[in-house]
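Below, chains carry the letters A, B, ... as their sequence lines are ordered, and counting in each starts from 1.
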Amino acid sequence: MGEDLLPKAYDPTLIENRWYNFWEENKLFAAAENKTGSEYSIVIPPPNVTGSLHMGHAFNNTLQDILIRFYRMNGYNTLWMAGTDHAGIATQNVVEKQLAAEGLTRQDLGREKFIERVWSWKEQSGGVIINQLKRLGCSCDWDRERFTMDEGLSKAVREVFVRLHEQGLVYRGDYIVNWCPRCHTALSDLEVEHEDATGNLWHIRYPVENSDESLVVATTRPETMLGDTAVAVNPEDERYKHLIGKYAILPLVGRRLIIIGDPVVDKEFGTGALKVTPSHDLTDFELSLRHNLDKVTVMDYHGRINEQGIHFNGMDRYACREAIVKELDEKGYLVSIQPYTVGLGRCYRCKDVVEPLISKQWFVKVAPLAEKAHNAVKNGKTRIVPEHWTKTYYEWMTNIRDWCISRQIWWGHRIPAWTCQDCGEVIVARQDPMECPKCKCSNLAQETDVLDTWFSSALWPFSTMGWPDQTELLKAFYPTTCLVTGFDILFFWVARMMMMGLEFMGDVPFRDVYIHALVRDEHGKKMSKSLGNIIDPLLMMDKYGTDAFRFTLSAMAAQGRDIRLSEQRIDGYRHFMNKIWNAARFSLPYLDGAPNRVSQTDAVSLALPERWILSRLNAAVTEVRSALEDYRFNDAAQALYQFTWREFCDWYIEEAKIPLTGGDEAAARATAGVLRHVLDSLMRLLHPFIPFITEEISSKISPDSQSIMNGPYPSPEETTVDPEAERCMNLLMDVITSVRSIRAEMNLPPAKKLPVLVVPAAREEADLIQANRELVTLMARASDLQIADPDGNMEPPKMSATAVVGELKVFVPLEGIIDPDVEISRLEKELAKVEKELAQVQKKLSNENFLAKANPEAVEKQQARHGDLTAKQEGLNASLERMRLLRQ
RNA sequence: GGGCGGGUAGCUCAGCGGGAGAGCACCGGCCUUACAAGCCGGGGGUCACAGGUUCAAAUCCUGUUCCGCCUACCA
């Protein structure tokens, strides 16, 4: 054996950066621009430029990288399109916070200066997450990196907006929208997070005009009464029916409120009478449209009461609530207060409570777009994996409401609409207009609003590839093969890409959508800063290595189930990396000059362990490939773990030591060849999951090849499938394990070599063990291995421990060492187990219905089991009897 | 209110019609020259509960219950 080629313990820090730089410098991630016929493409869910890699990113991108590397190694022309999202509100908030630290607001700077400031912030700190993705090993085609505010993508955004407008799918109007008083902008329905909060239901008495009667309304938001313009009751409600058409008088304000009947009012809820505030409640807004009611806005964009709010003018919404309740109480209008759980809407960016407010906004009419997107999934154009998400997708697509796309912020794509200040004409155009097409004046004012960030994200699969130009890239890679994303943005992003892709490319944006779960903490809680349960992926990579971290994520990526991640688990897979490292460390010195691959003719003449490991390798290859093709990342990872550790390391390497360290040169060469082939294949199989360590080891196996990144990925090889070898090895392994087990249960030290007597049931068993005598001797740590003549009548040594493997018996003579009582209880325990199983089998076999109705294979299997178990039972009983006699 | 997912070994989870599995943790024995981040052996589960279908149910159906998530204009 030569010198140590590798350090004893695997140290990821020594190799990860080196390999990543090598890959990048050699352009190994680059896609060929022109179509080859076998393309594989993924567009990255673009992280926010403000972002820093969190566990969700790490998981999401690990899965993408596995797919990309897998298909790249399989010879596909592979494109992983990368980039970042400008994240309107989020980014603006970050920069505004910076300004605030300097005592400034964005208004102090003005729009232009502020945007310049955001850009310079982006240039300086926007690349952080990209470097973190590189740290994770992501093999994106970085030369094509895009940003949603790039010139090209902005052109696409404008083109889409104008076309939608031309088609009448974009419109502008005064509607009630979700307003964030903190961010000062409208939000789409999706951008509002709902939560339950403790509140009250206040019952307030509204007197009926010219009458002694009064109506009691129930509300969770008494301050909105300032904007009431009606009271609604259910037209079927006997209590109030007679009041419909009459008027109530709004307490404190004195406004006359018409009493209307409408079926939306639930007779059972509260008092059955609903105060109607069209400007500050969605239901009420819609009521006002049906009944032609006045709208009185009482709150401004800061969430403060405005001049319509009588003496409450200028008060904050919550202060006003208190004040109003107090005054109502003092004046005798407050009937009662009930504790009540209210649903609160919060801004998804700043968490402030959202106000429904009426304002002028731009909307996309989504119904026609949604219908196409719905059908595309229904017709199988796009497949959602796991399949159950399709239902959620349909649900949303059918109940979808128009999409509010205008935002009253500065950072984003400014809406390409102008209003003529002279004649009021609204112009929507691709190029900035110089004059009003109607009155020819040049007094035009551009819309100040920008578009919802998700508007540009919706175009990502084609805008990144150069659309609206018909580029080679689009021809080659659109539709993309697969989108990998979390379900949290199924509606925000996936659904909208479907709509836009179908509308503007005439085809779906991706063939498959793989929806993965969320990464939670070890107790199943969502990771969040406020809970303090964040696990930082960068820290994990530093501490345990990127490969161990990636492998953990993939091993836990079972479909449809959230991941509960614990650091301990990552540490566990770090051990796996070390195991791989040491398997290579053992193997490498023998591989010099070993045959590169095992030829088919070689395979036949190989020794049993070689034939066995090749057959097992083939099984692993088949399983890993099929698992990855089905997005069963965890199955693939588990198969690799089991094969590597249990089969390759625990058994094969141990067996290989015999020929490798023994004298026969031809046998050593054959084994070295197989060892090389299996190790090389294993590195390739593992590479998509753990790219760094596998590349390092591969480079030691084959110093002349550039990288295994380019493949090939191992394919199943029929010729290595060898059920006979597997059957034989299983028998040998059982024999070996049975001896080890006896040793351990008898409390004998491993160093103690034991004589072993094997009594085979048949000639071929005897031959098999004879042929592998050295292997069994070594691995069972036998001092002497005797094989009885299967035809002879062998009387076992009196004082010996027994194990039964099928019909074969193993005796370990232990004269003077063994305590018969210990052996008896050991045998009894074993017998009890066997008999319990036997009882189950017998029950089945004595059931006529089973024999008649079960499929023949199942019956055969049970019969075979019955035979095995009976033989085992007999063997154990014989030994027990012998032991009992000896004791007397 | 509607929808979805889940309750399997101490923990985290596979399995989803025919012998209850893995990793970690645990117990016992080992520094056997690749690896103590290791090796060998072992213990541990009426598969949430109740019915049903079936020759056969952790696995399929129905109901109950607990947990989690998504969605919604009961103020």
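Side-chain proximity of A/T737 to B/rC35, B/rG41, B/rG38: nearest is B/rG41. In the set B/rG18, B/rC35, B/rG23, B/rG18 carries the atom at the smallest distance from any side-chain atom of A/A854. Candidate nucleotides B/rG38, B/rU32, B/rG42 were compared by shortest atom distance to the side chain of A/E745, and B/rG42 ranks first. If you check B/rG3, B/rU12, B/rG18 against the side chain of A/R569, the one that comes closest is B/rU12. Each of B/rC4, B/rA22, B/rG41 was ranked by its minimum atom distance to the side chain of A/Q638; first place goes to B/rA22. Side chain of A/R574, nearest nucleotide from B/rA37, B/rG42, B/rC30: B/rA37. Of the candidate nucleotides B/rG29, B/rA20, B/rA36, B/rG29 has the atom nearest to the side chain of A/N747. Comparing atom distances between the A/R740 side chain and each of B/rG41, B/rU12, B/rC35 picks out B/rG41 as nearest. Residue A/K833 places its side chain closer to B/rG43 than to any other of B/rA36, B/rG43, B/rG41. Looking at the side chain of A/Y641, the nearest of the listed nucleotides B/rC13, B/rG23, B/rG18 is B/rG23.
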* Asked: After noting the C-alpha distance and the side-chain angles of A/L274 and A/V217, does the key distance pass the side-chain contact (heavy atoms from CB on, under 4.5 Å) rule?
  -> CA-CA 6 Å; A/L274 168 70; A/V217 300; over 6 Å; no
* To do: Apply side-chain hydrogen bond (donor to acceptor under 3.5 Å, both in side chains) to A/K752 and A/S783, showing your working.
  => CA-CA 9 Å; A/K752 171 89 184 159; A/S783 59; over 6 Å; no
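Taking 3.5 Å as the limit, the base of B/rC35 and the side chain of A/K579 contain a donor-acceptor pair of atoms between them. No hydrogens or angles were tested; on distance alone, nothing pairs the side chain of A/Q862 with the base of B/rA56 as donor and acceptor under 3.5 Å.
With values rounded to the nearest 0.5 angstrom, A/K844 atom NZ is found 13.5 Å from A/N849 atom CG.
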Atom pairs under 3.5 Å: protein N/O with N/O of nucleotides 71-75 of chain B:
{"from": "B/rC73", "atom 1": "OP1", "to": "A/R401", "atom 2": "NH1", "distance (Å)": "2.6"}
{"from": "B/rC73", "atom 1": "O2'", "to": "A/T283", "atom 2": "OG1", "distance (Å)": "2.5"}
{"from": "B/rC73", "atom 1": "O2", "to": "A/T283", "atom 2": "OG1", "distance (Å)": "3.4"}
{"from": "B/rC74", "atom 1": "O2", "to": "A/D266", "atom 2": "OD2", "distance (Å)": "2.5"}
{"from": "B/rA75", "atom 1": "OP2", "to": "A/Y340", "atom 2": "OH", "distance (Å)": "2.9"}
{"from": "B/rA75", "atom 1": "O2'", "to": "A/A218", "atom 2": "O", "distance (Å)": "3.4"}
{"from": "B/rA75", "atom 1": "N6", "to": "A/D266", "atom 2": "O", "distance (Å)": "2.7"}
{"from": "B/rA75", "atom 1": "N6", "to": "A/F269", "atom 2": "O", "distance (Å)": "3.1"}
{"from": "B/rA75", "atom 1": "N1", "to": "A/D266", "atom 2": "N", "distance (Å)": "3.2"}

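If you check B/rC69 for Watson-Crick or wobble pairing at under 3.5 angstrom, you find it paired to B/rG3. Taking a pair to require two hydrogen-bonding distances under 3.5 Å in either a Watson-Crick or a G-U wobble arrangement, B/rA48 pairs with B/rU64. B/rC74: no Watson-Crick or G-U partner with both key distances under 3.5 Å is found in any strand.
The cationic atom of A/K579 (NZ for Lys, CZ for Arg) does not lie both less than 6.0 Å from the six-membered ring centre of A/Y573 and within 45° of the ring axis. Geometrically, A/R740 engages A/W651 in a cation-pi contact, judged by NZ or CZ lying under 6.0 Å from the ring centre and within 45° of the ring axis.
Mapping A/C649 and A/A9 onto RNA chain B by nearest heavy atom places A/C649 at the nucleotide closer to the 5' end.
Listed pair A/R646 / B/rG23 meets the phosphate criterion, a side-chain N or O lying under 4.0 Å from OP1 or OP2. Between A/R564 and B/rC13 there is a side-chain polar atom (N or O) within less than 4.0 angstrom of OP1 or OP2. OP1 or OP2 of B/rA34 lies within a sub-4.0 Å distance of a side-chain N or O belonging to A/K657. Taking 4.0 angstrom as the limit, A/W389 places none of its side-chain polar atoms (N or O) nearer than this to OP1 or OP2 of B/rC69. In terms of phosphate contacts, A/K752 brings no side-chain nitrogen or oxygen within less than 4.0 Å of OP1 or OP2 of B/rU32.
A donor-acceptor contact shorter than 3.5 Å is absent between the side chain of A/D237 and the backbone of A/V233. Of the possible donor and acceptor atoms, one in the side chain of A/D547 sits under 3.5 Å from a partner among the backbone N and O of A/I693. Side chain of A/R574 to main chain of A/F549: no donor-acceptor pair is present (N/O by atom type, distance under 3.5 Å, no hydrogens or angles).
Going from atom CD of A/E654 over to atom P of B/rG38 covers 14 Å, rounded to whole Å. Atom CG of A/N849 and atom C1' of B/rG18 are 15 Å apart (whole Å). The distance from atom CH2 of A/W645 to atom C1' of B/rA36 is 11 Å, rounded to the nearest whole Å.
Salt bridge present: A/R632 and A/E623 bring a charged side-chain N and a carboxylate O closer than 4.0 Å.
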